[in-house]
Colleague: 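Dumping the structure here so I can ask a few things about it.
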Amino acid sequence: MSPADKLPSYSVVAEAGADCRRKSHLFAETLAPVFRTTVETPERLADFRASLSTYFLGPALLFAADLRGTTYTFSRDPARIARSGLDLIHVQLTLDGGDLRTTNGETVPVEAGDISIFDLSRPMHSVTRHCRNLTLALPRHLLFAREAQNDALHGLLLKGTTSPARLIASHLRTLFESLPDIDEAEAPAFVTATANLVANLVGPQIAARRQPSPTVRGAVIMEIRRYIEQNIALADLGPDHLCRAFALSRASLYRLFAPIGGVTDYIRARRLRAAFDMLANDGKRTVGEVAYACGFADISAFSRAFRNQFGMSPSEVREMDGKSPLARGSLDKQAAASVHDWLRIVGSL
C-alpha cells in the first residue's frame with residue numbers, strides 16, 4: 001500500500017514531560033466538538049497519560065483512547081449538542097478500566113468488555129479515572145432506516161458477558177488491528193459491514209426500549225440547523241421564516257436556541273462561517289458575490305461583521321491562498337482541526 005492510500009489519522013499523547021500541559025489542552029481541544037472535556041491535575045504526574053488516536057474511515061471515525069492517572073469528565077449538554085450539530089451514533093467498546101455513564105437520567109457503571117451506545121444528539125455525562133476504549137462514530141442511517149430504532153439506541157449497554165457484546169467486541173478489536181492494512185478505498189465496505197453487524201445484534205435489545213420524544217432527543221433543533229445550512233443564501237432567513245417553516249411559536253424557537261446565544265446570532269454566525277469557507281476556497285467569486293450568496297444584502301455591513309468575527313477582512317482571507325488561520329499555526333493545531341473536519345464530514349453523510 002502506498003503512503004497516499006493509507007487511512008488519514010491523528011494522535012495526541014499527553015504524559016509527564018515538558019509539554020504535558022500543552023498536550024493536555026490539545027487532547028481536550030480535539031474532543032471539543034463532541035464533549036466538554038475536563039482533565040483534573042494529576043496527583044502523581046508519572047502515572048498520568050491521556051492519549052487519543054483518530055482514524056478517518058470515510059463514512060465513520062474510529063477513536064482509540066487510553067486515559068489514566070487522574071479524573072476525566074466528558075459532558076455533552078444541550079448547548080454543545082446545538083452548537084456542534086453532530087448527529088452521530090457512538091458504538092464504544094471498553095477494553096480496560098471503566099467509567100460511570102449517565103444517560104436518560106440514569107447512571108450506570110461501564111466495565112471492561114461492555115459495549116455501550118450513545119446518540120450525540122442527546123445529553124450524556126461520563127467520569128473515569130482509568131479507561132481504554134475503542135469508539136466508532138457512525139451516521140445514524142447506517143444502523144437503522146427507522147428513526148424510532150435509532151432513538152432507542154441512546155444509553156444501551158450490552159454487558160461483556162453477553163454473546164452480542166462479545167461478538168461486537170471481537171469485531172471492533174479486529175477492525176482496529178487491521179487498520180494498517182486497510183486503504184481509503186476499502187474503508188467504506190468495512191464500515192458498512194460493521195454497522196450491519198451492530199444493527200443485527202442490537203435489534204432485539206432495543207425492540208422493547210421506551211422511545212423518547214423528538215424534543216427530548218433534540219431532533220427539532222438539529223432539523224432547524226440543517227435547514228439553516230441548506231438555505232443560508234435566503235435573505236429573509238430569520239426567526240419569522242423559521243417559525244413558519246417549522247410551525248413553531250417565536251417563544252418556542254427562542255427557547256431552543258437560548259443555550260447557544262439566540263437564533264438570530266446563530267444564523268449570522270453561520271452566514272459568516274459559510275462566507276469564510278467560500279473566500280478561502282473559491283477564488284472565482286468576488287467578495288460581493290460571496291456576501292450575497294451568504295444572505296448579506298449590504299457589503300459594507302458584511303465586511304464589518306466579518307472583521308469583528310474573524311479579526312481579518314474578507315480580502316485578507318481571500319489572499320491566504322487556501323490556508324486557514326489554523327493551517328498557518330502548529331502542526332498539532334492543524335491535525336486537531338482536521339479531526340473537527342472529519343466529524344463534520346461524517347455527520348453530514
Side-chain angles (χ1 to χ4, degrees), residues 6-57 60-76 84 86 88 90-101 110-116 118 120 124-138 160 169 171-182 187 326 329-343 346:
K6 294 187 67 173
L7 294 173
S9 63
Y10 164 65
S11 296
V12 58
V13 179
E15 55 189 357
D19 65 346
C20 181
R21 183 181 295 275
R22 181 180 65 84
K23 290 289 189 178
S24 295
H25 288 162
L26 188 60
F27 170 83
E29 179 181 312
T30 304
L31 286 172
V34 184
F35 299 116
R36 180 181 182 274
T37 303
T38 302
V39 181
E40 293 190 5
T41 302
E43 294 179 4
R44 280 176 41 86
L45 192 57
D47 298 333
F48 171 69
R49 179 181 172 86
S51 72
L52 180 70
S53 297
T54 310
Y55 303 86
F56 181 52
L57 281 70
L61 282 181
L62 183 66
F63 298 91
D66 183 3
L67 314 172
R68 62 180 96 150
T70 189
T71 299
Y72 302 81
T73 303
F74 303 95
S75 297
R76 189 157 178 83
S84 66
L86 296 177
L88 301 171
H90 274 197
V91 180
Q92 186 173 88
L93 163 63
T94 299
L95 295 165
D96 191 24
D99 67 285
L100 277 178
R101 184 82 53 82
V110 179
E111 301 169 312
D114 291 351
I115 297 293
S116 52
F118 50 100
L120 291 192
M124 67 88 66
H125 182 82
S126 171
V127 180
T128 184
R129 283 194 60 84
H130 168 54
C131 185
R132 284 195 308 117
N133 59 51
L134 297 175
T135 305
L136 188 65
L138 293 163
H171 183 85
L172 289 177
R173 287 192 188 95
T174 302
L175 177 64
F176 178 65
E177 292 165 0
S178 302
L179 289 179
D181 302 317
I182 299 174
L326 275 173
S330 70
L331 291 176
D332 281 339
K333 291 286 187 180
Q334 291 177 48
S338 295
V339 175
H340 297 187
D341 288 340
W342 296 345
L343 281 162
V346 172

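Fair warning: this is a prediction, and the values are worked out from it, not measured in the lab.
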Colleague: Using 30° and 60° as the class limits, which term best fits the ring planes of Phe27 and Phe74: parallel, tilted or perpendicular?
Modeller: perpendicular

Colleague: Is there a donor-acceptor contact under 3.5 Å linking the side chains of Thr135 and His90?
Modeller: no

Colleague: State, to 0.1 Å, how close Ala60 and Leu138 come at their nearest heavy-atom pair, and which atoms those are.
Modeller: CB-CD2, 3.9 Å

Colleague: Does any pair with a residue in residues 33-45 pass salt bridge (Lys or Arg N to Asp or Glu O under 4.0 Å), and if so which ones, sequence neighbours excluded?
Modeller: Arg44-Asp47

Colleague: Give the minimum heavy-atom separation between Ala14 and Cys20, together with the two atoms involved.
Modeller: CB-O, 4.2 Å

Colleague: Quick one: does Leu100's side chain get under 4.5 Å of Thr128's, heavy atoms only?
Modeller: no

Colleague: Which is it for Leu7 and Leu179 under the side chain to side chain contact (heavy atoms under 4.5 Å, CB included) test, yes or no, and what are the steps along the way?
Modeller: CA-CA 8 Å; Leu7 294 173; Leu179 289 179; 3.7 Å; yes

Colleague: With a 4.5 Å heavy-atom cut-off, do Leu175 and Glu177 have their side chains touching?
Modeller: no

Colleague: Rounded to the nearest 0.5 Å, what separation is found between the NZ atom of Lys23 and the CD atom of Glu15?
Modeller: 10.0 Å

Colleague: Could you state the interatomic distance from CG (Leu62) to CZ (Phe56), rounded to the nearest 0.5 Å?
Modeller: 13.0 Å

Colleague: Does any donor atom in the side chain of Thr38 or Thr73 lie under 3.5 Å from an acceptor atom in the other side chain?
Modeller: no

Colleague: For Val34, does its backbone N or O pair with a side-chain atom of Arg76 as donor and acceptor, under 3.5 Å?
Modeller: yes

Colleague: Could you measure the distance from the CG atom of Leu134 to the CZ atom of Phe176? Nearest 0.5 Å is fine.
Modeller: 6.0 Å

Colleague: Is the shortest side-chain heavy-atom distance between Val39 and Phe48 below 4.5 Å?
Modeller: yes

Colleague: To the nearest 0.5 angstrom, please state how far the CG atom of Leu31 sits from the OG1 atom of Thr37.
Modeller: 4.5 Å

Colleague: Do any N or O atoms from the side chain of Asp114 and from the backbone of Gly160 form a donor-acceptor pair under 3.5 angstrom?
Modeller: yes

Colleague: Nearest 0.5 Å, please: how far is OG1 in Thr30 from CG in Leu26?
Modeller: 4.5 Å

Colleague: Indicate yes or no: at least one non-hydrogen side-chain atom of Leu93 is less than 4.5 angstrom from one of Asn133.
Modeller: no

Colleague: How close do Gly98 and Cys131 get, counting heavy atoms only, and between which atoms?
Modeller: O-CB, 3.8 Å

Colleague: Report yes or no: do Thr70 and Arg129 form a side-chain donor-acceptor pair below 3.5 Å?
Modeller: no

Colleague: Looking only at atom types and distance, does a side-chain atom of His340 sit under 3.5 Å from a main-chain N or O of Ala32, one as donor and one as acceptor?
Modeller: no

Colleague: Would you check if the side chain of Thr94 reaches a backbone N or O of Asp96 as a donor-acceptor pair within less than 3.5 Å?
Modeller: no

Colleague: Return the orientation label for the Phe118 and Phe35 ring planes: parallel under 30°, perpendicular over 60°, tilted otherwise.
Modeller: tilted

Colleague: I'd like to know if Arg21 pairs up with Asp19 as an ion pair, taking the criterion as any Lys NZ or Arg NE/NH1/NH2 lying under 4.0 Å from an Asp or Glu carboxylate oxygen.
Modeller: no

Colleague: Taking Ser53 for its side chain and Ser11 for its backbone only, find out whether a donor-acceptor pair lies under 3.5 Å.
Modeller: no

Colleague: For a side chain to side chain contact (heavy atoms under 4.5 Å, CB included) check, start with the C-alpha distance between Met124 and Arg101, then their side-chain angles and the critical distance, and finish with the verdict.
Modeller: CA-CA 7 Å; Met124 67 88 66; Arg101 184 82 53 82; 3.0 Å; yes

Colleague: For residues Ser51 and Asp66, is any side-chain donor paired with an opposing acceptor at under 3.5 Å?
Modeller: no

Colleague: Drop me the distance from Ile182's CD1 to Leu57's CG, to the nearest 0.5 angstrom.
Modeller: 6.5 Å

Colleague: Ignoring hydrogens, what is the shortest heavy-atom contact between Ser126 and Asp99? Give both atom names and the distance.
Modeller: OG-OD2, 2.7 Å

Colleague: Check Leu88 against Ala137 and note the closest heavy-atom contact, atom names and distance.
Modeller: CD1-CB, 4.3 Å

Colleague: Could you tell me which non-hydrogen atom of Ala65 sits nearest to which non-hydrogen atom of Leu52, and how far apart they are?
Modeller: CB-CD1, 4.1 Å

